[in-house]
Amino acid sequence: MNPTLATRMDNLRARMAETNTDLVVIGPSSHMRYLADLSPHGDERPVMLMVSQSFAGFLMPALNVDSSRQHTDLPFFPWADADGPDAALEELLNATGIDRTLPSIVLDETMRADFALLVLDALPDARRRFTQDTVGYLRSRKDVAEYQAIKAAHLLNDRAVEAAFAALRPGMTEIEVAGLIDDFYLANGATTVFCSVCFGPNGAFPHHHTGATQLKPGDAVLIDTGCRVSGYPSDMTRVGYCGSAPEGFAEVHAIVDRAVEAALAAAVPGAKARDVDKAARDVISNAGYGANFLHRTGHGLGIDVHEAPYITGTSETVLDDGMVFSIEPGIYLQGRFGLRLEEIVMIRDGKAEIFSEMSRAAVVAG
């Protein structure tokens, strides 16, 4: 096992001891990639990683074992289609060495329900919960290598978004602009995670699906996009307009930018996630646009674009060194435009450090 994965497994077992957890069961998910750097084929055939204090191993369909062995030295408990997984699962559970009398187990919340039920049927007396205080806890605190990968993804993303705004001309469609961004990522060794290009009133839909809308003079432009570099993504939103700004754009932009700054100031070690949400929301509400801020202030980012911690008005999560999350307040004016400014930050050296180096100033295009 490589040193990073060995450290992660040691850290998981330490968390298991701290939380009185006997067994962690992980499906073919980003949790498995984090712990074992393995992304096995996912279908209806049960596959899972089990970790106890003394053992870690995989339940794996036999037809996938040889390929998976190239990526991990952890043992496999294979099963064939002709036999089914029950016997192999029983062997794996025995190998973990856990006491089956009221064991405390953690189940991957992203695992298929039928996989989870196999485990629960085999451990009918188990006390169960999800990964938030074990694997999720560890994943929410990034190490130096993760920081560097996320930084690299954001620096590339900056260049892609700058190139996209520079290319904007009246008559271009949202899909054409998204294609330029996709091509930029590909040419620079990255892959597209998502890309939302919004012209004019489409920006008022927080999750607009990029389409055939053409850019017109006077339209606001919102680009929310991210790429993946070395296994980690970027995520950023910037805004501008074509030729001249629509009425009210400058006022709304200034309010949202102040909301970002307020949230950045609140995002310090020891603060609660809800304090960051409140800081951004208060700025927008006090300016009279509270009803137009339609979503939470942020989400965590790591292997997944959306993961813990979540920056919501009710979250009691205490911010800690290494946590990475978005700050992305917005104001959405139906039929006119929407304006969101998004930064991904990491709690580092006592403050929120921004990954992107692109200005949040509105970009004049066309």
Side-chain angles (χ1 to χ4, degrees), residues 1 5 8-61 64-65 68 71-72 74-79 84-141 299-300 302-310 312 315-317:
M1 183 178 291
L5 298 183
R8 289 175 179 177
M9 195 65 75
D10 288 344
N11 290 342
L12 174 59
R13 288 185 167 122
R15 284 300 299 171
M16 290 170 67
E18 292 169 10
T19 58
N20 296 312
T21 302
D22 299 307
L23 184 68
V24 172
V25 184
I26 300 298
S29 65
S30 55
H31 289 325
M32 189 177 288
R33 290 198 299 275
Y34 176 80
L35 287 172
D37 195 24
L38 186 64
S39 299
H41 178 70
D43 58 18
E44 71 281 359
R45 295 179 176 91
V47 52
M48 59 189 75
L49 168 65
M50 290 191 178
V51 181
S52 68
Q53 284 294 348
S54 61
F55 186 83
F58 290 94
L59 178 73
M60 184 74 68
N64 296 333
V65 167
S68 297
H71 304 283
T72 180
L74 293 176
F76 290 89
F77 291 74
W79 60 275
D86 291 350
L89 176 61
E90 183 67 17
E91 291 177 14
L92 174 54
L93 282 169
N94 287 336
T96 65
I98 66 167
D99 184 345
R100 298 202 193 186
T101 305
L102 295 176
S104 174
I105 70 171
V106 163
L107 290 174
D108 185 344
E109 62 277 0
T110 68
M111 189 188 303
R112 283 176 55 123
D114 53 347
F115 293 7
L117 288 173
L118 279 176
V119 177
L120 295 178
D121 287 344
L123 299 172
D125 297 323
R127 295 163 292 159
R128 57 195 183 274
R129 66 188 191 282
F130 294 133
T131 65
Q132 64 271 13
D133 61 354
T134 53
V135 183
Y137 175 94
L138 297 173
R139 282 184 58 186
S140 70
R141 291 152 174 83
H299 58 82
I303 295 174
D304 295 323
V305 177
H306 284 200
E307 61 179 51
Y310 295 99
T312 72
S315 175
E316 296 291 326
T317 297

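Treat the numbers as computed from the prediction; the structure is a model and nothing was measured.
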- Side-chain heavy atoms of V51 within contact of I26, under 4.5 Å: no
Here the gap from D125 atom CG to T101 atom OG1, rounded to the nearest 0.5 Å, amounts to 7.5 Å
Taking every heavy atom of S39 against every heavy atom of R33, the minimum-distance pair comes out as OG-CD, 2.7 Å
Taken to the nearest 0.5 Å, the spacing of D133 CG from T21 OG1 works out to 6.0 Å
Interatomic distance, CE@M9 vs CG@L138, rounded to 0.5 Å, equals 11.0 Å
Value for CG (N94) from CZ (F77), rounded to nearest 0.5 Å, stands at 9.0 Å
Indicate yes or no: at least one non-hydrogen side-chain atom of P103 is less than 4.5 angstrom from one of L23.
no
- Query: Taking atom types as modelled, is there a side-chain donor on S140 or E307 under 3.5 Å from an acceptor on the other?
  - Reply: no
| query | D22 side chain to S104 main-chain N or O, any donor-acceptor pair under 3.5 Å? | reply | yes
Heavy-atom closest pair (T110 atom, S29 atom, distance to 0.1 Å) is OG1-CB, 3.2 Å
Taken to the nearest 0.5 Å, the spacing of N11 CG from Y137 OH works out to 10.0 Å
Ignoring hydrogens and geometry beyond distance, is a side-chain donor-acceptor pair present between R129 and T19 at under 3.5 Å? yes
By salt bridge (charged side-chain N to carboxylate O under 4.0 Å, His left out), E44 pairs with (sequence neighbours left out) none
So the salt bridge (Lys or Arg N to Asp or Glu O under 4.0 Å) pairs with at least one residue in residues 50-60 (sequence neighbours excluded) are none
What one should report as the nearest heavy-atom pair of V106 and F130 is CG1-O, 3.6 Å
- Message: Any non-hydrogen side-chain atom of L89 less than 4.5 Å from a side-chain atom of M50?
- Response: yes
I'd like a table of donor-acceptor pairs (distance under 3.5 Å, sequence neighbours excluded) in which one partner is a side-chain atom from residues 53-61, with atom names and distances.
residue: Q53; atom: NE2; partner: R13; partner atom: O; Å: 2.8
residue: S54; atom: OG; partner: T96; partner atom: O; Å: 3.3

Heavy atoms of R139 and I303 approach each other most closely as NH2-CB, 3.7 Å
